[in-house]
Engineer: 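Here's a structure for you.
Please read all numbers here as calculations on a predicted model, not as lab measurements.
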Number of protein chains: 2
Amino acid sequence: MNAAIDDVARAAGVSTATVSRALRHLPGVSEATRARVLEAARGLGYAPSASASSLASGRTHTIGVLTPWIRRWFHGSVTEGIERALRAEGFDALLYSFERADGAGRNRLDPFVLRRRVDGVLVVGMPLDTDEQEVLDGLGVPVVFIGTGPPGRVTVTIDDDGAARLAMAHLLGLGHRRIALVTATGEDQPDWAPPALRQRGYEAALAEAGVAFDPTLVIPGDYARAGARERMAELLRTRPEVTAVFAISDDMAFGVLQAARDAGRRVPEDLSVIGIDGHDMSDLVNLTTVGQDAAEQGAAAAALMLEMLTGGPVAEEAVYPVELLVRGTTGPPPRS
Amino acid sequence: MNAAIDDVARAAGVSTATVSRALRHLPGVSEATRARVLEAARGLGYAPSASASSLASGRTHTIGVLTPWIRRWFHGSVTEGIERALRAEGFDALLYSFERADGAGRNRLDPFVLRRRVDGVLVVGMPLDTDEQEVLDGLGVPVVFIGTGPPGRVTVTIDDDGAARLAMAHLLGLGHRRIALVTATGEDQPDWAPPALRQRGYEAALAEAGVAFDPTLVIPGDYARAGARERMAELLRTRPEVTAVFAISDDMAFGVLQAARDAGRRVPEDLSVIGIDGHDMSDLVNLTTVGQDAAEQGAAAAALMLEMLTGGPVAEEAVYPVELLVRGTTGPPPRS
DNA sequence: CTGTTAGCGCATTCAG
DNA sequence: CTGAATGCGCTAACAG
């Protein structure tokens with residue numbers, strides 16, 4: 001029932017080599033024979049064996065997608081964009097999720113699971129440490145980073161610094177001066193990752209507006225809602241002079257919104273809140289944010305990968321645009 | 001640099017057959033030689049070639065995950081659960097997303113992309129039509145359905161009817177009588193899929209409470225927020241007597257909440273809203289809902305698949321529990 | 001433009 | 001318990 005290449009060859013009256021060439025649309029096959037081969041293949045319901053093809057050619061036509069989560073907005077959107085772009089080109093996406101184990105840090109990146117099964121690796125929103133980068137490099141296949149990547153590597157990102165300035169310009173333009181920053185920290189957030197870059201934008205924007213930077217207004221976090229909510233609750237209690245909060249992700253902005261609600265602070269009358277992402281749910285809660293197209297970045301990364309696979313040179317850094325989405329969580333500061 | 005099995009055999013002073021057996025922990029290898037082989041393999045950094053192994057054995061150690069979307073809560077959560085469970089057992093997850101093209105129905109399920117590259121297929125939240133089922137069956141590998149599956153197939157689901165009754169009991173218990181149902185319809189929603197089953201629960205609960213079923217209170221939808229919001233806006237305008245809405249998914253409940261807000265209806269004072277899912281964001285908007293554990297269902301489906309692969313008999317229907325999460329969007333009906 | 005010939009790296013008989 | 005031999009199905013030289 002599973003026809004093999006020589007069945008097709010026999011049916012078409014040619015050699016297996018010709019079948020192989022015809023089916024892959026390689027040059028050097030006459031139109032007439034190609035047509036006969038295609039016909040025979042269709043008739044037999046022939047589907048080439050990926051394993052045999054990989055074994056013989058050394059290429060798997062499969063790209064590994066390395067991501068710590070897939071249900072977070074950014075990671076899910078990027079992964080979806082990747083999968084579609086790859087499939088359109090006949091490539092498969094192999095999923096490798098490396099969720100952080102509780103307290104124990106992220107699962108070790110096992111070099112063996114990826115060895116010899118992918119032609120390339122796409123790393124989604126995951127700042128790899130030096131060891132992990134070495135493991136990946138040891139695979140000997142191209143790697144593209146989405147969302148965040150070490151300097152000097154092929155990356156697809158937004159302009160993190162610019163996105164932060166955009167958010168801050170909006171807040172400062174409304175008249176806010178005491179603006180808290182909710183960010184993400186930890187040893188796995190190096191200075192080339194979004195949290196650091198966005199904080200840089202935050203500080204630069206303050207400086208340009210002539211507002212002194214107050215480090216006690218920088219709230220650490222882990223990109224997640226719950227932590228932001230907790231930490232924000234405390235800030236709201238201890239620092240009533242804060243009139244606006246800039247969270248570096250929408251999910252953390254959601255936590256800020258919850259904390260404000262818990263504390264009985266009206267948004268935006270008492271407190272303005274802005275995020276970054278353009279999360280699916282941001283319009284549900286009417287969050288003002290700086291939107292990015294994560295699926296498009298995934299698709300772009302996939303395209304870059306395919307380009308690298310064919311030996312084409314690619315630009316090191318692809319930077320995607322962001323857009324200020326003014327909604328209902330920002331307004332002028334309360335008159336004091 | 002990429003050691004092959006005969007390098008290991010040479011280093012350990014045994015044959016490749018013994019290496020193969022030792023590394024796969026097959027019986028019939030003495031402890032001493034197994035240890036020597038493991039040692040040699042580690043020393044050489046040997047990783048078996050998946051292609052060669054598949055070609056020789058006919059098994060790919062890869063499971064295809066068929067899903068229309070991965071960023072929707074249910075599908076993303078299930079997929080994440082699947083991936084983790086599979087990886088723990090040394091299996092790979094190959095992603096096949098088949099997003100509905102605009103207006104043109106879902107992408108055709110291409111039989112060829114899956115042929116000979118997976119040992120089994122997991123279908124996530126996707127009621128396949130008869131043609132598609134045939135395509136899948138033509139693959140000759142086991143199939144497990146999560147969230148919804150044709151009768152007589154191996155499925156992992158919740159008790160859809162029971163979940164609906166649970167939601168309705170809550171609403172009815174609060175005193176509501178005019179309760180709208182926001183559901184999902186269309187030819188791709190057969191009578192064994194959640195929308196039909198949940199509607200059955202809705203109707204049964206009404207009947208038991210002695211409330212006449214009013215078909216004009218059933219709002220069609222497509223599981224998405226936007227549509228629910230639009231259709232709900234109209235209902236709110238034309239049917240002011242409705243005091244509660246039961247949406248069969250949290251995402252649609254979010255749309256209902258937006259419509260209520262747009263219409264100036266207070267929740268829950270003027271209108272109660274309940275959903276099904278326990279979506280990540282449901283607590284953000286304080287939605288009362290019937291929660292399910294989607295990731296666990298994914299993991300369970302993966303385990304079932306592995307069981308089927310080893311020839312074990314499996315139960316046809318695994319039903320997972322749900323739980324009523326009473327939050328802030330439900331309350332007694334307004335006194336009229 | 002097409003056919004012949006070797007492998008790709010492993011799993012699996014079958015002997016011993 | 002272990003080894004030798006065979007072939008999984010295809011691609012990639014190399015000839016013609």
Side-chain angles (χ1 to χ4, degrees), chain A residues 1-38 40-41 44-62 90 92 112 115-119 140 309-310, chain B residues 1-38 40-41 44-62 90 92 112 115-119 140 309-310:
Chain A
M1 99 161 214
N2 265 337
I5 197 169
D6 38 313
D7 297 320
V8 180
R10 213 168 303 122
V14 296
S15 73
T16 63
T18 300
V19 173
S20 177
R21 286 189 279 249
L23 259 29
R24 288 182 296 154
H25 297 99
L26 293 186
V29 180
S30 77
E31 267 318 309
T33 54
R34 185 191 306 286
R36 245 182 322 132
V37 170
L38 259 46
L44 292 169
Y46 169 70
S49 151
S51 325
S53 165
S54 301
L55 185 56
S57 71
R59 266 162 273 116
T60 62
H61 261 65
T62 300
D92 283 335
F112 288 81
R115 281 278 292 282
R116 294 152 151 246
R117 37 188 68 187
V118 294
D119 292 343
L309 254 26
T310 60
Chain B
M1 98 161 217
N2 266 336
I5 197 171
D6 42 309
D7 297 322
V8 179
R10 214 168 303 122
V14 295
S15 72
T16 62
T18 300
V19 173
S20 177
R21 287 189 275 251
L23 259 27
R24 287 181 298 151
H25 297 100
L26 293 186
V29 180
S30 77
E31 266 319 309
T33 54
R34 185 189 308 285
R36 244 179 327 128
V37 169
L38 260 46
L44 292 169
Y46 168 71
S49 152
S51 328
S53 165
S54 302
L55 184 56
S57 70
R59 267 163 272 119
T60 62
H61 261 66
T62 301
D92 283 333
F112 288 81
R115 281 278 292 285
R116 292 149 154 250
R117 38 188 68 188
V118 294
D119 292 343
L309 255 24
T310 60

Engineer: Between D:dC1 atom P and B:Leu26 atom CG, what is the distance in whole Å?
Structural biologist: 13 Å
Engineer: Distance from B:Arg21 atom CZ to B:Thr16 atom OG1, nearest 0.5 Å?
Structural biologist: 9.0 Å
Engineer: Please determine, by modelled atom types, if A:Ser54 and A:Ser51 share a side-chain donor-acceptor pair under 3.5 angstrom.
Structural biologist: no
Engineer: Look at the side chain of A:Ser53 and decide which nucleotide, out of C:dC10, D:dG3, D:dT11, has an atom nearest to it.
Structural biologist: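 Of C:dC10, D:dG3, D:dT11, D:dT11 is nearest to the side chain of A:Ser53.
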Engineer: Between A:Thr16 and B:Arg36, just flag the one whose closest nucleotide in DNA chain D comes earlier from the 5' side.
Structural biologist: B:Arg36
Engineer: What pair of heavy atoms forms the shortest contact from A:Tyr46 to A:Leu23, and how long is it?
Structural biologist: CE2-CD2, 3.4 Å
Engineer: Could you check whether A:Val19 gets within reach of a base, just the sugar-phosphate, or nothing at all, counting any heavy atom under 4.0 Å?
Structural biologist: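 Nothing, no heavy atom under 4.0 Å.
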Engineer: Minimum heavy-atom separation for A:Gly45 to B:Arg115, with atom names?
Structural biologist: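 Heavy atoms only, the tightest pair is O-NH2, 3.0 Å.
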Engineer: Among C:dC10, C:dT4, D:dT11, which nucleotide sits nearest the side chain of B:Tyr46?
Structural biologist: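 The nucleotide sitting nearest to the side chain is C:dC10.
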Engineer: Measure from CD1 on A:Ile5 to C1' on D:dG7 and round the result to the nearest Å.
Structural biologist: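 Nearest whole value for this atom pair: 16 Å.
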Engineer: Counting any heavy atom closer than 4.0 Å, what does A:Thr33 reach on the DNA or RNA strands: base, sugar-phosphate only, or nothing?
Structural biologist: sugar-phosphate
Engineer: Measuring from A:Leu38:CG to A:His25:NE2, what's the distance to the nearest 0.5 Å?
Structural biologist: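 It comes to 5.5 Å.
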Engineer: Picking from C:dG9, C:dG3, D:dC10, which would you name as closest to the side chain of A:Ala56?
Structural biologist: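 Closest of the options to the side chain of A:Ala56: D:dC10.
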Engineer: Among residues at least two apart in sequence or on other chains, which ones pass side-chain hydrogen bond (donor to acceptor under 3.5 Å, both in side chains) with B:Arg59?
Structural biologist: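 Scan of B:Arg59 (side-chain hydrogen bond (donor to acceptor under 3.5 Å, both in side chains), adjacent residues dropped) gives none.
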Engineer: Show the nearest heavy-atom pair for residues B:Arg36 and B:Gly13, with the distance to one decimal.
Structural biologist: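 Of all heavy-atom pairs spanning B:Arg36 and B:Gly13, the closest is NH1-O, 4.4 Å.
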Engineer: Give one of base, sugar-phosphate or nothing for A:Arg34, where a contact means two heavy atoms less than 4.0 Å apart.
Structural biologist: nothing
Engineer: Does the side chain of B:Ser15 get closer than 4.0 angstrom to OP1 or OP2 of D:dT2 through an N or O atom?
Structural biologist: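 Looking at the OP1 and OP2 atoms of D:dT2, neither is under 4.0 Å from any side-chain N or O of B:Ser15.
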Engineer: If you only use heavy atoms from C-beta on, which nucleotide in D:dG9, C:dA11, C:dT2 is closest to the side chain of A:Ala4?
Structural biologist: D:dG9
Engineer: Measure from the side-chain heavy atoms of A:Arg116 and tell me the nearest of D:dT2, C:dC10, C:dT2.
Structural biologist: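 Ranking D:dT2, C:dC10, C:dT2 by closest atom to the A:Arg116 side chain puts C:dC10 first.
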Engineer: In this structure, how many angstroms lie between the C1' atom of C:dG3 and the CZ atom of A:Arg10, rounded?
Structural biologist: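 So the two atoms are 15 Å apart, to the nearest Å.
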Engineer: So what does B:Arg21 touch, heavy atoms closer than 4.0 Å: a base, only the sugar-phosphate, or nothing?
Structural biologist: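 Contact class for B:Arg21: base.
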Engineer: Would you mind reading off the bend of the helix from C:dC1-D:dG16 to C:dG16-D:dC1 from its two end axes, five pairs each, to 10 degrees?
Structural biologist: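 If I round to tens, the end axes sit 30° apart.
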Engineer: Please determine whether a side-chain nitrogen or oxygen atom of B:Ser51 lies at a distance below 4.0 Å from atom OP1 or OP2 of C:dC8.
Structural biologist: no
Engineer: When the distance from CZ of B:Arg117 to P of D:dG9 is rounded to whole Å, what number comes out?
Structural biologist: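 Going from B:Arg117 (CZ) to D:dG9 (P), I get 15 Å.
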Engineer: Would A:Val37 and A:Arg34 count as a side chain to side chain contact (heavy atoms under 4.5 Å, CB included) here? Give the steps.
Structural biologist: CA-CA 5 Å; A:Val37 170; A:Arg34 185 191 306 286; 5.7 Å; no
Engineer: From CG of A:Asp6 over to P of D:dG7, roughly how many Å is that when rounded to an integer?
Structural biologist: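 Taking CG of A:Asp6 and P of D:dG7, I get 13 Å after rounding.
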Engineer: From the options C:dT12, D:dT2, C:dG9, select the nucleotide whose nearest atom is closest to the side chain of A:Leu55.
Structural biologist: C:dG9
Engineer: Looking at the side chain of B:Arg59, which of C:dT12, D:dC8, D:dC10 is the nearest nucleotide?
Structural biologist: C:dT12
Engineer: Any idea which of D:dG3, C:dC8, C:dT2 is nearest the A:Thr18 side chain?
Structural biologist: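 From the listed options, C:dT2 comes nearest.
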Engineer: Please give, in whole Å, the distance from D:dG9 C1' to A:Leu44 CG?
Structural biologist: 15 Å
Engineer: Between B:His61 (NE2) and C:dC10 (P), how many Å, whole number?
Structural biologist: 15 Å
Engineer: Nearest to the side chain of B:Arg24 - D:dT2, C:dT12, D:dG9?
Structural biologist: C:dT12
